Amino acid sequence: MFANVEQATAEIERYAAKEVKLVADHREAVARVSAAELSAGDALLDAQDGESTSAAVEQIVRAKSGVAAIEASIRACRVRRLEAIKGKIAAEAADWRRRADEARAEQDRITAKIKKHVDALKQLEGVEFIPASTPKSSTLGTRAFGCEDKAVQLEAAGVPRNGGAQLDDVTSAI
């Protein structure tokens, strides 16, 4: 879906900004419908017998069609933003899995490299080798497990259903 987290984040931000603009456009379009209805009402009231008021009615129809189109666009924008959020989660999980794979590969490389030495120590000393501190290969194993666990947690949590917005720098209600 998305190549990386940054690309998905950019898409989310793009659709969020687009939705904010569409909501403002919707508010203006609804105002145009109200204005067209008032104008049509005046036209009907002031019309002479037999005078056509179809132009005023057509203006209402066009204005309402514009509102419906904007509403459809808002719905589509929300669907696309949701898909981008899901894509970001998938990209983040893939990134955590990549980190886990890298840690496992390094752990395997170290383990393979020291195996003959540990076996030689065991042979010479006659006991199992136990390091005095935590070896790097164990630390890498723990890191790999943690990264894999983080990926699973991201996927299990899914799309957040609530959240907040910082409104300190907001200059208007729009």
Side-chain angles (χ1 to χ4, degrees), residues 1-34 62-119 122 128-174:
M1 184 178 291
F2 291 99
N4 57 43
V5 175
E6 292 79 20
Q7 182 186 14
T9 301
E11 279 295 288
I12 293 167
E13 290 172 1
R14 186 171 76 88
Y15 285 120
K18 185 69 173 175
E19 184 177 344
V20 167
K21 183 187 177 314
L22 286 168
V23 168
D25 292 348
H26 182 264
R27 192 174 293 117
E28 291 172 11
V30 168
R32 283 193 298 273
V33 168
S34 294
R62 279 193 306 275
K64 285 185 177 183
S65 296
V67 169
I70 292 170
E71 288 170 348
S73 186
I74 289 171
R75 285 190 302 273
C77 186
R78 288 178 178 164
V79 166
R80 289 180 187 179
R81 186 165 39 96
L82 179 61
E83 289 304 313
I85 291 169
K86 290 176 182 177
K88 181 182 178 191
I89 290 169
E92 285 177 336
D95 190 44
W96 282 108
R97 285 202 169 84
R98 180 191 51 76
R99 291 179 194 180
D101 290 343
E102 288 172 357
R104 275 191 215 94
E106 179 67 7
Q107 180 187 27
D108 291 346
R109 186 188 68 75
I110 290 171
T111 301
K113 209 171 187 179
I114 66 166
K115 182 174 177 9
K116 66 180 179 183
H117 301 292
V118 170
D119 289 345
K122 182 179 176 182
E128 198 68 38
F129 171 73
I130 301 172
S133 62
T134 306
K136 186 175 181 180
S137 59
S138 293
T139 304
L140 288 166
T142 302
R143 183 182 306 162
F145 177 77
C147 290
E148 188 67 37
D149 188 49
K150 181 68 175 173
V152 170
Q153 287 176 9
L154 279 168
E155 291 171 337
V159 177
R161 295 292 178 199
N162 56 22
Q166 187 67 16
L167 301 176
D168 291 343
D169 298 328
V170 174
T171 58
S172 73
I174 294 173

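Quantities reported herein were computed from a predicted structural model and do not represent experimental measurements. The basis for the numbers below is simple: all heavy atoms, side chains too, and nothing from hydrogens, waters or symmetry mates.
Here the CD1 atom belonging to Ile110 is positioned 4.5 Å from the NZ atom belonging to Lys136, to the nearest 0.5 angstrom. Taken to the nearest 0.5 Å, the CD atom of Glu11 stands 5.0 Å off from the OH atom of Tyr15. Remark: Asp25 CG to Arg27 CZ distance equals 10.0 Å, nearest 0.5 Å. Asp149 CG to Thr142 OG1: the interatomic distance, rounded to the nearest 0.5 Å, is 12.0 Å. Between atom NZ of residue Lys150 and atom CG of residue Asp95 there is a gap of 11.5 Å, rounded to the nearest 0.5 Å.
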- Item | Residues Asn4, Gln7; criterion side chain to side chain contact (heavy atoms under 4.5 Å, CB included); working and verdict | CA-CA 6 Å; Asn4 57 43; Gln7 182 186 14; 3.2 Å; yes
- With side chain to side chain contact (heavy atoms under 4.5 Å, CB included) as the test, would you mind laying out the steps for Val152 and Arg97 before giving the verdict? CA-CA 9 Å; Val152 170; Arg97 285 202 169 84; 3.8 Å; yes
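Residue-environment remark: CZ (Arg80) stays at or below the threshold of 12 foreign heavy atoms within 6.0 Å.
Applying the salt bridge (Lys or Arg N to Asp or Glu O under 4.0 Å) criterion to Glu106, with sequence neighbours excluded, gives Arg109.
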Residues 65-79, side-chain donor-acceptor partners within the protein, below 3.5 Å, at least two apart:
{"from": "Ser65", "atom 1": "OG", "to": "Val61", "atom 2": "O", "distance (Å)": "2.9"}
{"from": "Glu71", "atom 1": "OE2", "to": "His26", "atom 2": "NE2", "distance (Å)": "2.9"}
{"from": "Arg78", "atom 1": "NE", "to": "Glu19", "atom 2": "OE2", "distance (Å)": "2.5"}
{"from": "Arg78", "atom 1": "NH2", "to": "Glu19", "atom 2": "OE2", "distance (Å)": "3.0"}

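Nearest heavy atom pair, residue Ala8 against residue Ala84, reads CB-O, 4.0 Å. Residues Val159 and Lys86 share a closest heavy-atom pair of CG2-CG, 3.6 Å. In plain terms, the two heavy atoms of Gly158 and Ile89 that are nearest each other are O-CD1, 3.2 Å. Scanning both residues, Glu92 and Val5, for their nearest heavy atoms gives CG-CG2, 3.5 Å.
Screening Arg104, Arg99, Arg98 for a side chain to side chain donor-acceptor pair (under 3.5 Å) involving Glu102 leaves a single residue, Arg98.
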